[in-house]
Amino acid sequence: MSDRKVAVITGSTGGIGGAIAEQLAAGGWDLVLVNRSAEKSSQQKRDLNTAHPGAKVDLVQADLMDTDQIKRAAREILAIHSSIDALYNNSGVLTSQRVMSAQGHESNYAVNTLAPYVMLECLRPALKRTAGTPKTMIVNTTSAAHSAAKSLDVDMLSDPADIGGLTGVYSTTKLALTTMGTALAPDLEQDGIMLRSVCPGAVATPMTKTSDAMPGILKFFVPLLFNKPEKQAGKMINAAKPDSFGGRTGIYITNGKEKAAPKLAVDASVQASLMKKLSVDAAL
Ligand SMILES: NC(=O)c1ccc[n+]([C@@H]2O[C@H](COP(=O)([O-])OP(=O)(O)OC[C@H]3O[C@@H](n4cnc5c(N)ncnc54)[C@H](OP(=O)(O)O)[C@@H]3O)[C@@H](O)[C@H]2O)c1
């Protein structure tokens, strides 16, 4: 059995996911890249194999809006690797358009909140570690935009009245993601699995450069003021090291620094109603 570490990255065809894949491959990791576009991910694999011939790169295709596809993707991943060291739940959607998933969930919620939950629960057997062995890590890519959400009405997540922009449903679904992280971390720890909710900071990517939900004036300044994905990916990878940040799990990190999670994310009754909804919607 290989002693190389294995990372699963969702949304690796994007700005931040692409930079994480590149840096992990350069650092000696084997990768499983989970993407909806076969064309883009095949090109990415060719590029990674050319730059890092030693890295084993496997591709799994799935539209993460669809929970059935996530479950099938997880089965494919488990057939490749019985042991996984890190899961980067990186893929994300920022849109003001109402798009509904096959299971009837609005796309910001389906991709930003529900998909990471389904993926981590399905991959849990391979992430699980026994006491005394190094812990594994789940990084849920959240956003500091979650601070814009002043409430978390879980009944509205699947079919919100208004989608809004950066501070609308997107921020609520990222608040829900951060809340899921603080709620789940103690239970995951029993299995030797750590979880951190990590915001990459402001990064110039296809999402921030082109999303219809980005305020026009902000979009104009993205190429000038936002960080490069390569720089922020390094911070994401550091946040995924079990020994960094004092070895603590369940924490929120933004732009490389630990911060207090939003109050709603540590509210026990909000956590309980969210986890109830996620377990129903995941239908595991
Ligand atoms: N950029 C920022 O300033 C910023 C700030 C805070 C948080 N974030 C978060 O960082 C993460 C990465 O974002 P990014 O800025 O790198 O954006 P990006 O370049 O648009 O990348 C997003 C990735 O998610 C994938 N994706 C979207 N919907 C999907 C679906 N239904 N199924 C499968 N994959 C899907 C995209 O695939 P395609 O290539 O097929 O579109 C792409 O690979 C996201 O979670 C985002 O919310 C970004």
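Read the numbers this way: they start at 1 and go in the same order the structure lists the ligands and their atoms. Here, residue 1 is the first one in the sequence, and each next residue gets the next number.
Below 4.0 Å from some heavy atom of Thr208 lie the following atoms of ligand 1, by number and element: 1 (N), 2 (C), 3 (O). Atoms of ligand 1 found under 4.0 Å from any heavy atom of Ala202, numbered from 1 in the order shown, are 3 (O). Using a 4.0 Å cut-off to heavy atoms of Ala62, the atoms of ligand 1 that qualify are 32 (N), 33 (C). Every atom of ligand 1 with a heavy atom of Tyr170 under 4.0 Å away is listed here by number and element: 7 (C), 8 (N), 46 (C), 47 (O). Which parts of ligand 1 touch Lys40 is read off a 4.0 Å heavy-atom cut-off, strictly below it: atoms 38 (P), 39 (O), 40 (O), 41 (O). Residue contact check: Leu64 has heavy atoms under 4.0 Å from atoms 30 (C), 31 (N), 32 (N), 33 (C) of ligand 1. Of all the atoms in ligand 1, the ones that sit under 4.0 Å from a non-hydrogen atom of Gly92 are 22 (C), 24 (O), 27 (C), 44 (C), 45 (O). Distances below 4.0 Å separate heavy atoms of Thr142 from the following atoms of ligand 1: 6 (C), 7 (C).
Rounded to the nearest 0.5 Å, atoms NZ (Lys56) and CG (Leu31) are 10.0 Å apart. In this structure, the separation between OG1 on Thr173 and CE on Met180 is 10.5 Å, given to the nearest 0.5 Å. Summarising the geometry, atom CE belonging to Met275 is positioned 10.0 Å from atom OG1 belonging to Thr179; distances are rounded to the nearest 0.5 Å. Between the NZ atom in Lys257 and the NZ atom in Lys259 there is a gap of 7.5 Å [rounded to 0.5 Å]. Atoms CG and CD, from Asn108 and Gln97 in turn, are 10.5 Å apart once rounded to the nearest 0.5 Å.
The two residues Thr182 and Gln271 have their closest heavy-atom pair at OG1-NE2, 3.2 Å. Ala149 and Leu264 get closest at one heavy-atom pair: O-CD1, 4.2 Å.
For atom 21 (O) of ligand 1, the nearest protein heavy atom (residue, atom name, distance) is Gly14 CA, 3.4 Å. Nearest protein heavy-atom contact of atom 19 (O) of ligand 1 is Gly15 N, 2.8 Å. Of all protein heavy atoms, the one closest to atom 17 (O) of ligand 1 is Met207 CB, 3.3 Å. At the top of the distance list for atom 40 (O) of ligand 1, counting protein heavy atoms only, stands Arg36 NE, 2.9 Å. Residue, atom and distance of the protein heavy atom nearest to atom 43 (O) of ligand 1 are Thr13 OG1, 2.8 Å. Shortest contact from atom 15 (O) of ligand 1 to any protein heavy atom: Thr205 OG1, 2.6 Å. The shortest contact between atom 23 (C) of ligand 1 and any protein heavy atom is with Gly11 O, 3.7 Å.
Defined by atom type and a distance below 3.5 Å, a donor-acceptor pair is present between the side-chain atoms of Ser12 and Asn35.
Every heavy atom of Gln232 sits 4.0 Å or more from the atoms of ligand 1. Using 4.0 Å as the threshold, Thr210 has no heavy atom nearer than that to any atom of ligand 1.
Of the candidates Ile16, Leu33, Asn90, Val198, the one placing a heavy atom closest to atom 11 (C) of ligand 1 is Asn90. Relative to atom 25 (C) of ligand 1, the option among Ser41, Ser91, Pro206 with the closest non-hydrogen atom is Ser91. With atom 3 (O) of ligand 1 as the reference point, the heavy atom nearest to it among Asp63, Val203, Thr141 is part of Val203. Closest to atom 4 (C) of ligand 1 by heavy atom, among Ser101, Gly18, Gly201, is Gly201.
Among Thr10, Asp58, Leu48, the one residue that satisfies the side chain to side chain contact (heavy atoms under 4.5 Å, CB included) test with Leu33 is Leu48.
Arg4 and Asp85 are not joined by a salt bridge, as no carboxylate oxygen comes within less than 4.0 angstrom of a charged side-chain nitrogen. Using a 4.0 Å cut-off between a side-chain N of Lys or Arg and a carboxylate O of Asp or Glu, Asp47 and Lys45 do not qualify as a salt bridge. A salt bridge links Asp191 with Lys128; the closest basic N to acidic carboxylate O contact falls under 4.0 Å. Ionic pairing of Lys277 and Asp155 is not present here: no N-O contact between side-chain nitrogen and carboxylate oxygen is shorter than 4.0 angstrom.
Polar contact check, Val111 against ligand 1: no nitrogen or oxygen pair lies under 3.5 Å apart. Among the atoms of Ser143, none of the N or O lies under 3.5 angstrom from an N or O of ligand 1.
Between Leu188 and Arg124 the shortest side-chain heavy-atom distance falls below 4.5 Å.
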